[in-house]
Amino acid sequence: MSGSKLTVGRLAGFALEALGIIASILVAFAIENWDEDQKNIEKEEIYLISLHSDLIKDQNQLTRRIKDYEKKLSTTVDLMYVLSAADFVDQKDVVDKIEDRLAYIFPYVPSNNTYQALESSGDIKYIRNSKLKILLYELDKSFLTNQQKADVFINYTNSPLWAGYLVDHVDYQANTTDLTPEQLKHDLYNRVKRYNKLLESYYYDMQGALLKIHEVQFALEEELKANEIEVLNQIEELQIDDEKETQKEEEELEDLLDEL
């Protein structure tokens with residue numbers, strides 16, 4: 001009888017020991033999973049901040065590009081009006097308009113590096129908000145479409161039909177051309193009209209991209225707020241960088257105009 005009690009006691013001890021081992025293993029797994037979850041949350045926070053940085057840059061740069069191309073569009077409309085006039089065409093006025101607004105191009109290049117890195121590495125999985133991921137994907141496709149329209153426009157401005165034609169016929173120092181009034185009203189008018197149409201397509205697509213940036217930015221800032229992530233200092237730094245970029249472009253423009 002005592003032997004039976006001893007066996008039962010041993011079995012109970014073994015059972016308790018086994019339960020203790022299982023419990024310690026489960027706790028270890030729970031701690032490991034918690035630690036992994038924390039690392040994933042930290043990664044997501046870093047990515048969200050970096051995505052926000054890109055969006056602020058894109059918003060500032062794209063807004064500046066839109067204003068610049070809006071002036072170019074207005075110039076092409078004025079130039080077509082001048083070239084279609086029935087009376088005398090002022091060549092100096094024509095050359096001035098081309099030199100001041102249409103002789104240089106700064107294409108819009110999105111700061112979309114974070115999203116592309118997330119997609120290529122597979123780390124997009126760390127972004128838990130499915131709606132935000134869809135919006136980021138849509139914005140990336142919008143940037144791609146905009147780049148395609150930019151390529152068509154810039155290829156035209158660098159082609160013999162535009163840049164080559166101006167080099168052959170325009171004297172920027174004398175502000176004159178060697179074209180006859182008929183050539184100005186026909187050949188140059190057609191080229192300006194083509195310039196206008198390609199630029200218009202690019203310009204309106206940039207506006208669409210800007211609207212998508214605003215949509216993504218709103219969703220991203222809601223996510224940052226929900227996760228109590230602070231980005232104010234970063235925004236100020238980005239605005240300073242944007243001012244430096246503007247100054248750099250102005251210097252590049254001055255160099256281009258000097259070469260002309």
query = Looking only at atom types and distance, does a side-chain atom of S201 sit under 3.5 Å from a main-chain N or O of L198, one as donor and one as acceptor?
reply = no
ask   = Does any donor atom in the side chain of Q61 or Y108 lie under 3.5 Å from an acceptor atom in the other side chain?
value = no
ask   = Under the 3.5 angstrom rule, does the side chain of S53 hit a backbone N or O of I49 as a donor-acceptor pair?
value = yes
inquiry  = Would you compute the distance between atom CG of N227 and atom CG of L48 and round it to the nearest 0.5 angstrom?
reply    = 6.5 Å
ask   = Can you list the steps and then say if Y165 with V170 is a side chain to side chain contact (heavy atoms under 4.5 Å, CB included)?
value = CA-CA 8 Å; Y165 184 80; V170 176; over 6 Å; no
ask   = Roughly how far, to the nearest 0.5 Å, is NE2 of H186 from CG of L179?
value = 13.0 Å
Interatomic spacing from CD1 in I46 to OH in Y126 - rounded to 0.5 Å = 11.0 Å
ask   = Is D58 reaching over with its side chain to a backbone N or O of P110, donor-acceptor style, under 3.5 angstrom?
value = no
request  = Report yes or no: do Y137 and L135 belong to one cluster of Ile/Leu/Val/Met/Phe/Trp/Tyr joined by side chain heavy-atom distances under 4.5 Å?
outcome  = yes
message = When you compare the side chain of N175 with that of E99, does any pair of heavy atoms fall below 4.5 Å?
response = yes
Joint cluster assignment, L144 & V152, ILVMFWY side-chain distance < 4.5 Å = no
query = Which word best sums up how the rings of F153 and Y69 line up, parallel for under 30°, tilted for 30 to 60°, or perpendicular for over 60°?
reply = perpendicular
task = Ignoring hydrogens and angles, state whether a donor on the side chain of T177 or Q91 is under 3.5 Å from an acceptor on the partner side chain.
result = yes
query = Just one of L184, V192, V94 clears the side-chain contact (heavy atoms from CB on, under 4.5 Å) bar with V82, so which one?
reply = V94
task = Using the rule that two of Ile, Leu, Val, Met, Phe, Trp, Tyr join whenever any of their side-chain heavy atoms come within less than 4.5 Å, decide whether V109 and I105 are in one cluster.
result = no
Donor-acceptor contact present, side-chain R194 to main-chain Y189, <3.5 Å = no
key: Side-chain donor or acceptor of K133 paired with backbone N/O of I127 under 3.5 Å   = yes
key: Y195 and Y156 aromatic ring geometry - parallel, tilted or perpendicular at 30°/60° bounds   = perpendicular
query = When N129 is tested against each of E44, E223, E222 for side chain to side chain donor-acceptor pair (under 3.5 Å), which residue passes?
reply = E223
inquiry  = What verdict does the ring-ring contact (aromatic ring centres under 6.0 Å, His included) test give for H214 and F218, after you've listed the backbone C-alpha separation in whole Å, the side-chain angles of each residue and the deciding distance to 0.1 Å?
reply    = CA-CA 6 Å; H214 289 158; F218 177 80; over 10 Å; no
key: D123 and K43, any side-chain heavy atoms less than 4.5 Å apart   = no
task = Following the transitive rule for hydrophobic clusters with a side-chain heavy-atom cut-off under 4.5 Å over Ile, Leu, Val, Met, Phe, Trp and Tyr, establish whether I134 and V216 coincide in one cluster.
result = no
inquiry  = Distance check, rounded to the nearest 0.5 Å: T114 atom OG1 versus H52 atom NE2?
reply    = 12.0 Å
message = So Q116 and D140, do their side chains get closer than 4.5 Å, heavy atoms only?
response = yes
Side chains of Y115 and Y47 in contact at under 4.5 Å (non-hydrogen atoms) = no
query = Within 45° of the ring axis of Y104 and under 6.0 Å from its six-membered ring centre, is that where the NZ or CZ of K72 lies?
reply = yes
message = So does I154 get a backbone contact from the side chain of T157, meaning a donor-acceptor N/O pair under 3.5 Å?
response = yes
L166 vs L102, side chain to side chain contact (heavy atoms under 4.5 Å, CB included): CA-CA, chis, key distance, verdict = CA-CA 11 Å; L166 296 178; L102 307 183; over 6 Å; no
D68 side chain reached by R101 side chain, heavy atoms, under 4.5 Å = yes
inquiry  = What I want to find out is whether K185 reaches E182 closely enough, with some N-O distance under 4.0 Å, to be called a salt bridge.
reply    = no
request  = Output, in order, the C-alpha distance, side-chain angles, deciding distance and verdict of side chain to side chain contact (heavy atoms under 4.5 Å, CB included) for N196 and Y203.
outcome  = CA-CA 10 Å; N196 170 271; Y203 169 77; over 6 Å; no
message = Determine whether a donor-acceptor pair (N or O, by modelled atom type, separation under 3.5 Å) exists between the side chain of D171 and the backbone of Q173.
response = yes
query = Is it true that the side chains of D54 and S111 contain a donor and an acceptor less than 3.5 Å apart?
reply = no
inquiry  = Run T180 and Q183 through side chain to side chain contact (heavy atoms under 4.5 Å, CB included) and show every step you take.
reply    = CA-CA 5 Å; T180 66; Q183 288 173 321; 3.2 Å; yes
ask   = Applying the 4.5 Å side-chain criterion to the ILVMFWY set and letting contacts propagate, would V77 and L79 be lumped into a single cluster?
value = no
task = Nearest 0.5 Å please: distance from the CG atom of L139 over to the CD1 atom of I213.
result = 5.5 Å
request  = Indicate yes or no for a side-chain donor-acceptor contact from S142 to the backbone of E138 under 3.5 Å, with no hydrogens or angles considered.
outcome  = no
ask   = Less than 4.5 Å apart, any side-chain heavy atom of K225 and any of E221?
value = no
key: Close side-chain approach of T75 and D100, heavy atoms under 4.5 Å   = no
key: Straight-line distance of N113 CG to L51 CG, nearest 0.5 Å   = 11.0 Å
request  = Flag the pair L161 / R191 as yes when at least one side-chain heavy-atom distance between them is below 4.5 Å, and no otherwise.
outcome  = yes
Residues K97, D93: salt bridge by 4.0 Å N-O rule = yes
request  = Would you kindly say whether R65 and N146 are connected by a side-chain donor-acceptor distance under 3.5 Å?
outcome  = no
